[in-house]
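Down below is the structure, laid out as structure tokens.
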Amino acid sequence: DAGVIQSPRHEVTEMGQEVTLRCKPISGHDYLFWYRQTMMRGLELLIYFNNNVPIDDSGMPEDRFSAKMPNASFSTLKIQPSEPRDSAVYFCASSLALPLAYNEQFFGPGTRLTVL
Amino acid sequence: AQSVTQLDSHVSVSEGTPVLLRCNYSSSYSPSLFWYVQHPNKGLQLLLKYTSAATLVKGINGFEAEFKKSETSFHLTKPSAHMSDAAEYFCVVSDRDNQGGKLIFGQGTELSVKP
């Protein structure tokens, strides 16, 4: 398996533009997670899905952020409109089951977003 | 609520010397603990995990960690550092209060290895 695939790897956009980040989880994994990493706040969970259904979106910073998982092999994280403070590295991860059951999360390489 | 504290933001060692990265956790329950490593411009990779089966956990690349309940610690060690170990290391606990889906990350420890 190729692992978790994210695209694009780098995104530079201007404030106010819509940004869409994409993720393909490992085949057979029932859970998908979106994280954001910044120097100030470290790694934060934004949202996670189980079998394509959002389970916990309490980490989504505000209404400008939305995430979807239309099928088991694809998820998007959308920011509309984007702001400079959204600049960060966004990671997607997938797992067979929850970390509570000691299950490893497999991380993608991340998307580095810069909002000018 | 669960939390982890990584006691050092940066550790520097010489190649061939031991590595110690310190982590303390706070949990009302028996915790699920992990160490992840992040190399520059890469995603995170699991080093090892505590599953309650054994207090001394062996991971990849010669790393190991010991779970000490009395000290609420889960320190990461390696007997001999290699240049390729230079990376950022995260101590992580699973949030049992949140359906077990949320990983809580420490702030990270950057490991530098000098030749």
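Below, read A as the first sequence line, B as the second, and so on, with proteins coming before strands; counting in each chain starts at 1. Computation of the quantities below employed the complete heavy-atom set of this structure, encompassing side-chain atoms and omitting hydrogens, waters and symmetry-equivalent molecules. Keep in mind that this is a model prediction, so the values were computed, not measured.
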Under 3.5 Å, is there a donor-acceptor pair between the Tyr35(A) and Gln105(A) side chains? yes
So, the part of Gln6(A) with a heavy atom under 4.5 Å from chain B: the answer is neither
Sequence neighbours left out, cut at 3.5 Å: what donor-acceptor pairs do the side chains of residues 12-23 of chain A make with other protein atoms?
from, atom 1, to, atom 2, distance (Å)
Arg22(A), NH1, Thr20(A), O, 3.4

Contact between Trp35(B) and Gln45(B) at the side-chain level, heavy atoms closer than 4.5 Å - yes or no? no
Could you check, using the six-membered ring where one of them is a Trp, whether Phe33(A) and Phe91(A) have ring centers closer than 6.0 angstrom? no
Go through the atoms of Arg41(A) and report whether side chain, backbone, both or neither lie under 4.5 Å from a heavy atom of chain B. backbone
Under 4.5 Å between side-chain heavy atoms, hopping through other hydrophobics if needed: is there a path connecting Leu7(B) to Leu47(B)? no
Test of ring centre spacing under 6.0 Å for Phe106(A) and Tyr31(A): no
Asp63(A) atom CG, over 12 foreign heavy atoms within 6.0 Å: no
Do Val11(B) and Val37(B) share a hydrophobic cluster, counting only Ile, Leu, Val, Met, Phe, Trp and Tyr and linking them when any side-chain heavy atoms are less than 4.5 Å apart? yes
With a 4.5 Å heavy-atom cut-off (strictly below), which parts of residues 105-115 of chain B touch chain A? List them by number. Phe105(B), Gln107(B)
Nearest 0.5 Å, please: how far is CE in Met69(A) from OG in Ser75(A)? 5.5 Å
Under 4.5 Å from any heavy atom of chain A, what part of Gln38(B) do you find: side chain, backbone, both or neither? side chain
Within residues 79-90 of chain B, the residues sitting under 4.5 Å from chain A by heavy atom, in sequence order, are Phe90(B)
Between the main-chain N or O of Asn61(B) and the side-chain N or O of Lys78(B), is there a donor-acceptor pair closer than 3.5 Å? yes
Among all residues two or more places apart in sequence or in another chain, which pass the salt bridge (charged side-chain N to carboxylate O under 4.0 Å, His left out) test with Asp8(B)? Arg22(B)
